[in-house]
Number of protein chains: 2
Amino acid sequence: MSPKVSKEHKEQRRANILNAAKDVFIEHGYEHTTMKHIMDAANVSRGGLYQYFLNKEDVFETILEEDLQLNLNELEEVLREKVHSHWDLLLETIYGEERQPNDDMNSLAPSKLEFFITGRNDKRRREFGKARYYNGLKLYSAIIEQGQQKGEFCTKFDSDIIARSIIAFIDGLAFDHSILPKEDLKMKQQSALFRDYLKTILGVE
Amino acid sequence: MSPKVSKEHKEQRRANILNAAKDVFIEHGYEHTTMKHIMDAANVSRGGLYQYFLNKEDVFETILEEDLQLNLNELEEVLREKVHSHWDLLLETIYGEERQPNDDMNSLAPSKLEFFITGRNDKRRREFGKARYYNGLKLYSAIIEQGQQKGEFCTKFDSDIIARSIIAFIDGLAFDHSILPKEDLKMKQQSALFRDYLKTILGVE
DNA sequence: CATTATAACGACATTAATGTCGTTTATCAA
DNA sequence: TTGATAAACGACATTAATGTCGTTATAATG
């Protein structure tokens, strides 16, 4: 419909495709969506789509990059020490991720798990996943460590290990949620128990 | 090679196929293995393979059924109350699952995650996953509840919720392990921390 | 040994997804 | 207005996996 650029129109189109693609990934999951699905959802032709992205992997990674950026921004804020209660910040950060599978639930989370687990034999994909893991780890770890330094948390356990546990638990919940409907999962009670766990090992209250 | 039955030879062949298939699934993961892979690994022709199984899903589910049976047996034992220390039993049970991804690592665990998460939009597959989830839940829950009844564990928390958390943690670790190599995951330290937590909420020692 | 039932085989038709490429067409600039 | 540019298009060749089916060959049986 629109030949010979215009720069922001081009970026607009790209953004449209990404939005449509995200919906498709949420609906069908990573492995089961095809470029055709994305083409249809975005009202773009085969050739058009391939103008903007190399392949499905490229589309998905681009979508993932976005919220990676969000995390990095959060980390920034933490390191700048503009924080009142590290406990609240920690919960908020956890909830930010957990909300996706938890809430009204049309999140990309299960597709993310899919993306990484089906790609675990691919070097490139593994690197990508590893980078994301360490990104999250750094975020949680930084919050905990700073909370410890300020004396808000006890130092009985290593912040790195606690952070890893948090990640494992979130990933596990996301996975279980992809199998079980919300009613069956008792997510809230699990979250409460987990919060309790964190309180205990962080010595909060 | 062998026409006109012989019953146990037939079962033997079937078992061979399943063994070979399991190796293939471990190597390539669920989504990326094809019937061709299985055929080659099991030294069976296309027609031969389809004589025994309907499709890939059928093969994989059959493999899964096996260790489901193992779990059920364990549950039996618990319910028959032939248990000395419920704490030891609990650890052993957790470890039995965790060992797979943990140890020398050639386990089916990541493929299981794959199988269920990529099939989350399929009714049949979801039912299957749900059944397995509740099977595991029943197992852990029974151990904990009985431990509580015998006074070995405190009753501060609901056995059902604790069991769910255990499952979430195990699934999360399995997932993270499929991204990160063993050296990077610090699995042992995470497990130790989790064990510590279980001790706390179960009032052990 | 001859017969028969059937396990095992592998070619084949089918389906579906992928990425490419030559063509068309709308916009921008002169 | 017009010509150059490149976005958008969709047909196409390619690749790969699936499940079927008619044929082959062999182990059990009498």
Side-chain angles (χ1 to χ4, degrees), chain A residues 1-21 23-25 27-63 111 114-115 118-119 121-122 124-125, chain B residues 1-21 23-25 27-63 111 114-115 118-119 121-122 124-125:
Chain A
M1 294 213 186
S2 51
K4 192 170 189 186
V5 310
S6 112
K7 199 146 244 178
E8 55 278 306
H9 276 207
K10 198 172 164 184
E11 275 162 15
Q12 177 61 39
R13 193 130 167 80
R14 185 183 159 91
N16 281 344
I17 293 177
L18 286 176
N19 278 337
D23 292 341
V24 175
F25 282 127
E27 187 180 348
H28 298 293
Y30 180 73
E31 286 293 326
H32 291 156
T33 84
T34 68
M35 290 303 255
K36 184 77 165 51
H37 288 145
I38 297 174
M39 280 153 36
D40 292 346
N43 272 315
V44 68
S45 69
R46 179 158 222 92
L49 178 52
Y50 276 94
Q51 186 111 21
Y52 290 90
F53 300 98
L54 287 172
N55 48 37
K56 187 171 70 166
E57 191 177 26
D58 187 25
V59 178
F60 196 77
E61 283 186 10
T62 305
I63 292 173
S111 298
E114 239 193 295
F115 180 73
T118 60
N121 287 331
D122 179 69
R124 184 181 142 56
R125 191 92 127 250
Chain B
M1 297 218 183
S2 51
K4 190 169 188 188
V5 311
S6 111
K7 200 145 243 176
E8 55 277 306
H9 275 208
K10 200 172 164 184
E11 276 163 14
Q12 178 60 40
R13 193 131 167 79
R14 185 184 159 91
N16 281 344
I17 294 177
L18 286 175
N19 278 338
D23 292 341
V24 175
F25 282 126
E27 186 180 349
H28 297 295
Y30 179 73
E31 285 293 326
H32 291 155
T33 85
T34 69
M35 289 304 254
K36 184 75 166 50
H37 288 145
I38 298 174
M39 282 154 35
D40 292 346
N43 270 316
V44 68
S45 68
R46 180 159 221 90
L49 178 53
Y50 276 93
Q51 187 111 20
Y52 290 91
F53 300 98
L54 287 173
N55 47 39
K56 186 171 71 167
E57 191 177 25
D58 187 26
V59 178
F60 196 77
E61 284 186 10
T62 306
I63 292 173
S111 298
E114 238 194 297
F115 180 73
T118 59
N121 287 331
D122 179 69
R124 184 182 142 57
R125 191 92 128 250

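Reminder, nothing fancy here: chain letters follow the sequence lines and each chain counts from 1.
Side-chain contact between B:Arg13 and B:Gln51 is absent, with no heavy atoms from C-beta onward closer than 4.5 Å.
The CD-P distance, from A:Glu57 to C:dA17, rounds to 18 Å in whole Å. Look at CZ on A:Arg13: it is 17 Å from P on D:dA6, rounded to the nearest Å. What separates CE of B:Met39 from C1' of C:dG10 is a distance of 9 Å, to the nearest Å. The CD-P distance, from B:Gln12 to C:dA7, rounds to 16 Å in whole Å. Atom CE of B:Met35 is separated from atom P of C:dC9 by 14 Å (rounded to the nearest Å). Rounded to whole Å, atom P of D:dG19 lies 10 Å from atom CG of B:Asp58. Nucleotide C:dG19 holds its P atom 14 Å from the CZ atom of A:Phe53, rounded to whole Å. When the P atom of C:dA8 is taken as reference, atom CG of B:Asn16 falls 10 Å away, rounded to whole Å.
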Can you list the steps and then say if A:Glu57 with A:Asp122 is a side-chain contact (heavy atoms from CB on, under 4.5 Å)?
CA-CA 12 Å; A:Glu57 191 177 26; A:Asp122 179 69; 4.2 Å; yes

Candidate pair B:Leu18 and B:Phe53, rule side-chain contact (heavy atoms from CB on, under 4.5 Å), full reasoning
CA-CA 10 Å; B:Leu18 286 175; B:Phe53 300 98; 3.5 Å; yes

Between A:His37 and A:Glu27, is the side-chain contact (heavy atoms from CB on, under 4.5 Å) condition met? List the steps.
CA-CA 10 Å; A:His37 288 145; A:Glu27 187 180 348; over 6 Å; no

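Regarding contacts with the backbone of D:dA8, every side-chain N or O of A:Gln51 stays at 4.0 angstrom or more from both OP1 and OP2. Between A:Tyr50 and D:dG10, a side-chain N or O to OP1/OP2 separation shorter than 4.0 Å is absent. Not one side-chain nitrogen or oxygen of B:Arg46 sits closer than 4.0 Å to the OP1 or OP2 atom of D:dC21. Considering only side-chain N and O atoms, A:Lys10 lies under 4.0 angstrom from the phosphate OP1 or OP2 of D:dA7.
Out of C:dG19, D:dA8, C:dG10, the shortest distance to the side chain of B:Ser45 is found at C:dG10. Among D:dT18, D:dC9, C:dG10, the nucleotide with an atom closest to any side-chain atom of B:Thr34 is D:dT18.
Applying the side chain to side chain contact (heavy atoms under 4.5 Å, CB included) test between A:Val24 and each of A:Asp40, A:Thr33, A:Val59 identifies A:Thr33 as the sole match.
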